[in-house]
Asks: 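The structure follows.
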Protein chains: 2
Amino acid sequence: MSSKLEFRKLPPLKALKGFEAATRHQSIRDAATELCLTHPAISHQVQLIEGALGVQLFAQEGRHIVSTEEGRVLYPYVRSAFESLLEGVEAVHRHALDKPLRVQTYVTASIRWLARRVPQFLHAHPEIKLTLSTCAVEWDFDDIHADVGLVYCEGVPDPAKFHWVPLFEYALFPVCSPGLLQKIGPDPSLAGLMQQPLVAIYTEVQNWDAWFTSAGTVFEPKVPYLMVDTLAVALEMALNGEGVALVNGPFVDQDLATGRLVRPFDHVATCPGSWGLICRKDMKDNLRIRTFIDWMTAHVANPG
Amino acid sequence: MSSKLEFRKLPPLKALKGFEAATRHQSIRDAATELCLTHPAISHQVQLIEGALGVQLFAQEGRHIVSTEEGRVLYPYVRSAFESLLEGVEAVHRHALDKPLRVQTYVTASIRWLARRVPQFLHAHPEIKLTLSTCAVEWDFDDIHADVGLVYCEGVPDPAKFHWVPLFEYALFPVCSPGLLQKIGPDPSLAGLMQQPLVAIYTEVQNWDAWFTSAGTVFEPKVPYLMVDTLAVALEMALNGEGVALVNGPFVDQDLATGRLVRPFDHVATCPGSWGLICRKDMKDNLRIRTFIDWMTAHVANPG
DNA sequence: AGGCATTGGTAAAAGAAATTGACCTGTTCG
DNA sequence: CGAACAGGTCAATTTCTTTTACCAATGCCT
């Protein structure tokens, strides 16, 4: 490891910005303007450095200032220090971009939402790499193995730890194949729907109850559930005409648009909470993460 | 002139010290110790930079911290920035030493005090160059053309503008040649002295009066003054036996030691104020100036 | 010349930081 | 298991920065 630096000899670093700008402009006021400060601030910063070095850096010439010889000697070193720092910042950002952005979400959101949008995102930002990983059904955002998560949250995640950007509502509505809808009848009733094979998800059995309740009926299933473990499977079944699935987000837009799935009822049960993007609070300004979140937010607002 | 730097992208400069030390030690606490701070300070500095860059720089590994890849990428740039600054500070100091130190004083102090000491000083500090300039009788320290002045001040110069180091008292005592003393008589009286040709300086005629008064007599000169414009000339006259001169500082030590001059009376009239070194307050930490003042102070305290 | 805009410097006050102290959590080691 | 240790957190303090007014000096323009 490198040896200790003699920090004691360093002038006040913050004031160096003022010196740099003042030297470049040969003007206290112009330097102040550039740095969005007032001229006494720059004046003071310069005096701080002069005091620290025990050397005069500027001389008053008429009503202007002129760098002294010492000032001219010092300038290139300060300049190159700043340039080195800027290079460092750039290098870190380049490096940060090189590492793939790790996105995690549930199976269904991955298959039926992200799978279609991630390629567009990557096309818009070819400098960013991305790994998409899918995780078990019951899952909390895992900030060790992921940078961003697309998750459903009932409330708002602890703002002290997480940055949370809601994307869309947790809206429940049933879907089925056009064939099944015909079988049920052209103008189905809630009671009629209850007699169809309903596809339910282990962990969200209560959703059917919630939907029927919000639609104004007591839910009394006439036929056993088809129990599956993820919505993706439920939808597959619905697509195959095996039953009616209950969708909890914008995961069937494409199928509805193409007519592969239809909505037997218009009723939507809006549940508390929402789908959104989550990341560690202290990572929210990470360039890749911010880019991803911004792009997805804009995409949802205006699906272009 | 060089182009504008993008300061907005710079991380908080002050905190970079903390990052540098923390990276070097791979330890928050050790960094804190090195910088004479407490560990929360370093912790905070590191987090500041992480926030500014939107990147994690350290990862907790067990109870220690380890630089992340980003931290390792950033470090060399920060390091070289600091090194550049340190070089700059050195260059300025070297340069400051290259410029001759401009010392000003009155004719007599120059001839009879500095002329003997400056060579010793230059010998002790061969890296320092020096120009000694002598100025008119009535003279205030001129901070445009001089770095340091050896001057007599009745009070203390405005401490807001000047750095003032008293060196010795303004002590008046008469001297003459051994020949003249013999002529006056072996055990002279004040009245007898008054009958000798007294050498006075235009601008300090009142000094003789002050001396006789403090010696306990009313000054009533019996013989016209020999009026000259500087003490140096007065002393030359005294050396030649032409009269009695009144010395106002340690300007005849050598002549007294060798016996070329003698003091007809032991009485010394100490006047208010003193001789001392003066420089601009904002220059007092200038390396050459500080070195000069320190050396002279030590020399007066212990003439070695 | 004389008035006026411009440039810096100065000092006190306000405002924004960094830093500390006290406390907490988790890890390691005997 | 408990003591020693490494870091993190938060509020309170202290320390810097910056600003707001004000001044003096310079140069420009009638």
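Throughout, a chain's letter reflects where its sequence line sits, starting with A, and its residues are numbered from 1. Because the structure is predicted, anything quoted here is derived from the model rather than measured.
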Asks: Holding to salt bridge (Lys or Arg N to Asp or Glu O under 4.0 Å), I want the full list of residues that pass it with A/E50, two or more places apart in sequence or in another chain.
Replies: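 Per chain and number, A/E50 pairs via salt bridge (Lys or Arg N to Asp or Glu O under 4.0 Å) with no residue.
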Asks: Could you list by number each residue of residues 58-65 of chain A showing a heavy-atom separation from DNA chain D of less than 4.0 Å, or answer none if no residue does?
Replies: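 DNA chain D contact set from residues 58-65 of chain A: A/G62, A/R63.
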Asks: Parallel, tilted or perpendicular: which describes the rings of A/H125 and A/F121, with under 30° parallel and over 60° perpendicular?
Replies: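 Because their plane-to-plane angle lies in the 30° to 60° range, the rings of A/H125 and A/F121 count as tilted.
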Asks: Output every pair passing salt bridge (Lys or Arg N to Asp or Glu O under 4.0 Å) with a member in residues 59-72 of chain A, not counting sequence neighbours, ordered by first then second residue.
Replies: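 As it turns out, the salt bridge (Lys or Arg N to Asp or Glu O under 4.0 Å) pairs with a partner in residues 59-72 of chain A, which skip direct neighbours, are A/E70-B/K99.
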Asks: Taking five pairs at each end, how big is the angle between the two axes of the helix from C/dA1-D/dT30 to C/dG30-D/dC1, to 10°?
Replies: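 Here the helix ends are tilted 30° relative to one another.
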Asks: Which residues satisfy the side-chain hydrogen bond (donor to acceptor under 3.5 Å, both in side chains) test with A/S67, sequence neighbours excluded?
Replies: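 With sequence neighbours excluded, A/S67 shows a side-chain hydrogen bond (donor to acceptor under 3.5 Å, both in side chains) to A/Q26, given in chain and number order.
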Asks: Applying side-chain hydrogen bond (donor to acceptor under 3.5 Å, both in side chains), name anything that partners B/E83, two or more places apart in sequence or on another chain.
Replies: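 Once residues adjacent in sequence are excluded, the partners of B/E83 under the side-chain hydrogen bond (donor to acceptor under 3.5 Å, both in side chains) criterion are B/R79.
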Asks: In a check of side chain to side chain contact (heavy atoms under 4.5 Å, CB included) between A/V78 and each of A/T23, A/L16, A/I49, which one passes?
Replies: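 With A/V78 as partner, A/T23, A/L16, A/I49 yield a single side chain to side chain contact (heavy atoms under 4.5 Å, CB included), made by A/L16.
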Asks: Give me the atom names and distance for the closest heavy-atom approach of A/L85 to B/Y77.
Replies: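 For A/L85 and B/Y77, the tightest heavy-atom pair comes out as CD2-O, 4.4 Å.
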Asks: Look only at the side chain of A/T297 and the backbone of A/I293, and say whether a donor-acceptor pair between them is shorter than 3.5 Å.
Replies: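 The answer is yes, because a donor-acceptor pair under 3.5 Å joins these two groups.
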Asks: First and last nucleotide of DNA chain D touching chain A, 5' to 3', heavy-atom cut-off 4.0 Å?
Replies: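 So the contact region on DNA chain D extends D/dT17 to D/dG27.
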Asks: Among B/W113, B/W275, B/Y152, which residue meets the ring pair (Phe, Tyr, Trp, His ring centres under 6.0 Å) test with B/Y106?
Replies: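 Looking at B/W113, B/W275, B/Y152, the match for B/Y106 under the ring pair (Phe, Tyr, Trp, His ring centres under 6.0 Å) is B/W275.
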Asks: Stepwise, does the side-chain contact (heavy atoms from CB on, under 4.5 Å) test hold for A/V148 with A/Q104?
Replies: CA-CA 6 Å; A/V148 200; A/Q104 265 192 351; over 6 Å; no
Asks: I need the full list of salt bridge (Lys or Arg N to Asp or Glu O under 4.0 Å) pairs touching residues 25-49 of chain B, with sequence neighbours left out, sorted by first then second residue.
Replies: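 Those involving residues 25-49 of chain B are B/R24-B/E34.
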Asks: Please list, by residue number, the residues of residues 36-55 of chain A whose heavy atoms come closer than 4.0 Å to an atom of DNA chain C; answer none if no residue qualifies.
Replies: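 Within residues 36-55 of chain A, the residues near DNA chain C are A/H39, A/P40, A/S43, A/Q47.
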Asks: The criterion is side-chain hydrogen bond (donor to acceptor under 3.5 Å, both in side chains); which residues satisfy it with A/Y170, sequence neighbours excluded?
Replies: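 A/E204, A/N207, A/N248.
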Asks: Please assess A/S274 against A/L167 for the test side-chain contact (heavy atoms from CB on, under 4.5 Å), listing each intermediate value before the final yes or no.
Replies: CA-CA 7 Å; A/S274 57; A/L167 282 186; over 6 Å; no
Asks: Please tell me which of A/R29 and B/K14 maps to the more 5' nucleotide of DNA chain C, matching each residue to the nucleotide holding its nearest heavy atom.
Replies: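 The residue mapped nearer the 5' terminus is A/R29.
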Asks: Anything under 4.0 Å to a heavy atom of chain B counts; send over the first and last such nucleotide of DNA chain C, read 5' to 3'.
Replies: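 Endpoints of the contacted stretch of DNA chain C: C/dA18 to C/dT28.
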Asks: Return each pair, listed once, that meets salt bridge (Lys or Arg N to Asp or Glu O under 4.0 Å) where at least one residue sits in residues 146-156 of chain A; pairs must be two or more places apart or across chains.
Replies: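 For residues 146-156 of chain A: A/R102-A/D147, A/D147-A/R288.
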Asks: Report yes or no: does A/T68 contribute a side-chain atom to a donor-acceptor pair with the main-chain N or O of A/Q56 at less than 3.5 Å?
Replies: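 Confirmed, A/T68 side chain pairs with A/Q56 backbone.
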